[in-house]
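Proteins come first, then strands; the chains are lettered A, B, ... in the order of their sequence lines, and each starts at number 1. Since the structure is predicted, the reported quantities are computational estimates derived from the model, not experimental observations.
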Amino acid sequence: MREFARAVLSSAPLHHDPEAARSAGYADVVAPPTFPIVVQDFTLQQLLADEDAAVDFSRVVHGDQRFSYSRPIVAGDELTGTMTVTSVKQLGGNSMVTSSTEIVDTQGAHVVTAISTLVVRAEETA
Amino acid sequence: MSVVAQPDFARLAVGDTVVERAFQFSRDTLVRYAGASGDFNPIHYRDDVAQTVGLPGVLAHGMLTMGVAASPVSEWIGAAGHVLDYQVRFTRPVPVDPATGAKVTVTATIGALDAELRTARIDLKVLFGGQTVLGKSQLVVAFA
């Protein structure tokens with residue numbers, strides 16, 4: 001989480017310093033708000049590896065992204081992500097694929113849902 | 001030990017600018033984000049690959065821009081609250097020149113307040129080269 005915080009140029013103490021995080025009532029450092037993308041990506045890799053999905057990754061563009069939290073992710077959490085493809089639309093030759101990844105802890109309690117729309121660009125025609 | 005001033009929910013007003021920050025992305029920034037996030041798509045480090053798929057050159061990861069845009073808001077909130085929701089629409093890419101990098105500016109303003117829930121909606125404006133790179137982009141923060 002610390003490396004991720006550094007990578008997104010965040011110096012917020014709660015992402016780096018366990019003492020600061022504990023003073024704020026957390027068990028350990030808190031993940032930056034976009035950190036769940038790492039969990040979403042594990043499930044996305046499974047989807048893209050499925051030959052039936054037939055997605056050319058070189059044509060994929062990220063359309064939008066959302067994270068909806070029940071509580072912050074804290075170092076030490078053991079999380080499981082389950083991705084569901086919630087919609088596939090064709091728009092002007094492009095495909096828009098929306099997925100929702102529900103991320104829960106070891107008790108099965110909801111932590112965060114990551115919702116993503118990918119745009120698969122149409123093949124260029126000669 | 002320094003005491004960092006934290007925002008007081010009672011003193012917030014819709015329209016307040018809470019953050020205004022410029023970030024300099026270099027190719028190094030993209031490399032570090034690739035490592036930390038696991039996104040090794042070569043369009044984020046190989047100009048030749050980027051051009052082969054019709055792009056002007058290496059682009060910043062959209063998720064890097066989304067992450068960086070939230071960082072000054074997280075710093076501003078500190079221990080006073082936490083993020084409940086964060087959403088962005090990616091509208092324009094951020095090409096990162098190998099020598100000069102890319103300057104991205106983030107402005108965060110209070111878009112709405114809910115006194116009962118003690119939440120604030122923070123609207124983000126993220127610019128590169130004088131144009132917005134994110135469409136609708138907002139956080140909802142819950143205050144302790």
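For the set B/Ser37, B/Ala34, B/Gly35, the count of heavy-atom pairs under 4.5 angstrom toward chain A peaks at B/Ser37. Your options are B/Arg32, B/His82, B/Met63, and the one with the most heavy-atom pairs under 4.5 Å with chain A is B/Met63. Ranked by heavy-atom pairs under 4.5 Å with chain B, the first of A/Ala5, A/Ser23, A/Pro33, A/Ser10 is A/Ser10. With respect to chain B, the highest number of heavy-atom pairs below 4.5 Å among A/Val61, A/Ile37, A/Val119, A/Val30 belongs to A/Ile37. Among A/Ala24, A/Ala20, A/Pro32, A/Ser11, the residue making the largest number of heavy-atom pairs under 4.5 Å with chain B is A/Ser11. Highest contact tally toward chain B, considering only A/Gly25, A/Ala12, A/Ala21, is held by A/Ala12 [criterion: heavy-atom pairs under 4.5 Å].
Residues from residues 63-88 of chain A that place a non-hydrogen atom less than 4.5 Å from a non-hydrogen atom of chain B comprise A/Gly63, A/Asp64, A/Gln65, A/Arg66, A/Phe67, A/Ser68, A/Tyr69, A/Pro72, given in numerical order. For residues 87-96 of chain B, heavy-atom neighbours of chain A at less than 4.5 Å comprise B/Gln87, B/Val88, B/Arg89, B/Phe90, sorted by residue number.
In the hydrophobic cluster analysis, where Ile, Leu, Val, Met, Phe, Trp and Tyr join through side-chain heavy atoms closer than 4.5 angstrom, B/Tyr86 is grouped apart from A/Ile115. Note: the hydrophobic cluster containing B/Val140 does not contain A/Leu14 (ILVMFWY, side chain heavy atoms under 4.5 Å, direct or indirect links).
With B/Asp47 contributing its side chain and B/Gly57 its backbone, the two residues share no donor-acceptor pair below 3.5 Å. Between the side chain of B/Thr119 and the main chain of B/Ala142, no donor-acceptor pair closer than 3.5 Å is present.
The shortest distance between side-chain heavy atoms of B/Thr109 and B/Asp16 does not fall below 4.5 Å. You'll find the side chain of B/Arg21 reaches within 4.5 Å of the side chain of B/Glu75, heavy atoms only. When side chains are defined from C-beta on, A/Leu118 does not count as touching A/Met96, because their heavy atoms never get closer than 4.5 Å. Between A/Val112 and A/Phe35, the closest side-chain pair of non-hydrogen atoms is not below 4.5 Å.
The aromatic rings of B/His61 and B/Tyr33 sit perpendicular, their planes meeting at an angle over 60°, well past the 30° parallel limit.
Going from atom CG of B/Leu59 over to atom NE2 of A/His62 covers 14.0 Å, rounded to the nearest 0.5 Å.
At a 4.5 Å heavy-atom cutoff, the contact between A/Tyr26 and chain B is made by side-chain atoms alone. For A/Leu9, the parts lying under 4.5 angstrom from a heavy atom of chain B are both the backbone and the side chain.
Judged as a side-chain hydrogen bond (donor to acceptor under 3.5 Å, both in side chains), and not counting sequence neighbours, the contacts of A/Thr113 are A/His110. Judged as a salt bridge (Lys or Arg N to Asp or Glu O under 4.0 Å), and not counting sequence neighbours, B/Glu116 has no contacts.
At a cut-off of 3.5 Å, with distance as the only test, no side-chain donor of B/Ser71 or B/Ser74 sits close to an acceptor on the other residue.
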